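Inspection log for the structure reproduced underneath, given as structure tokens.
No hydrogens, no waters, no symmetry mates; every other heavy atom, side chains included, goes into these values. Residue numbering restarts at 1 for every chain, and letters A, B, ... go by the order of the sequence lines. Keep in mind the model is a prediction, meaning the values are calculated, not measured.
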Amino acid sequence: NAGVTQTPKFRILKIGQSMTLQCTQDMNHNYMYWYRQDPGMGLKLIYYSVGAGITDKGEVPNGYNVSRSTTEDFPLRLELAAPSQTSVYFCASSSGQGGGEQPQHFGDGTRLSIL
Amino acid sequence: GESVGLHLPTLSVQEGDNSIINCAYSNSASDYFIWYKQESGKGPQFIIDIRSNMDKRQGQRVTVLLNKTVKHLSLQIAATQPGDSAVYFCAEKGSSGTYKYIFGTGTRLKVLA
């Protein structure tokens, strides 16, 4: 049972480059989330989705874009990488049952450095 | 990941002792709370959750206590083991109708042999 799978695990980008962080889940969860985790800080929500075709901004969406064409996949796009986007990125999913009161399942993260 | 937790508070506990990790949450309307464990280089792992209509919930070796009066959450780990060494953080969900969570910064638990 794979759960939430993120690729790549590590990446170094130059300023201004673009890339897509991949996230896929095999639990048939409706809700998916992207977070960034900076040293000494709690997880910050970038974007989330409550189902295929539906996405919405979180706390820190600037510089990122997402799409949700299928239930399984929720890629995160960085168009013009900036040093402030150096972080660890986590994708998560949850079933959405019980009015959202279900724990989120996390991937193991993508460690991204912008130089 | 490796760089997470550089400036986190640390709790050092002797192996076999009980651990208590605390969390103050921000929103009095939050109605659902989760404790996560995060090991180095890994994603957060669900430990236990509690809804706002409860003040205590027990799992295997773990207990979560909720004090809504002072907006405080605690995680108790019984008979702490070396494998419990990790960063622990709480998450709160806002009032009904939101799917967004607020995450705490975390506490690093070190288990001493």
*Roughly how far apart are A/Thr20 OG1 and A/Arg11 CZ, rounded to 0.5 Å?*
9.5 Å
Does any backbone or side-chain atom of [X] lie under 4.5 Å from a heavy atom of chain B? Answer side chain, backbone, both or neither.
X       : result
A/Val50 : side chain
A/Leu45 : side chain
A/Gln6  : neither

*So what's closer than 4.5 Å to chain A heavy atoms on B/Phe33: side chain, backbone, both or neither?*
neither
*Return yes when atom NZ of A/Lys9 has more than 12 non-hydrogen atoms of other residues, nucleotides or ligands closer than 6.0 Å, and no otherwise.*
no
*Look at the aromatic rings of B/Tyr36 and B/Phe103 and report parallel, tilted or perpendicular, splitting at 30° and 60°.*
tilted
*Pair B/Lys93 + B/Asp31: basic N to acidic O under 4.0 Å*: yes
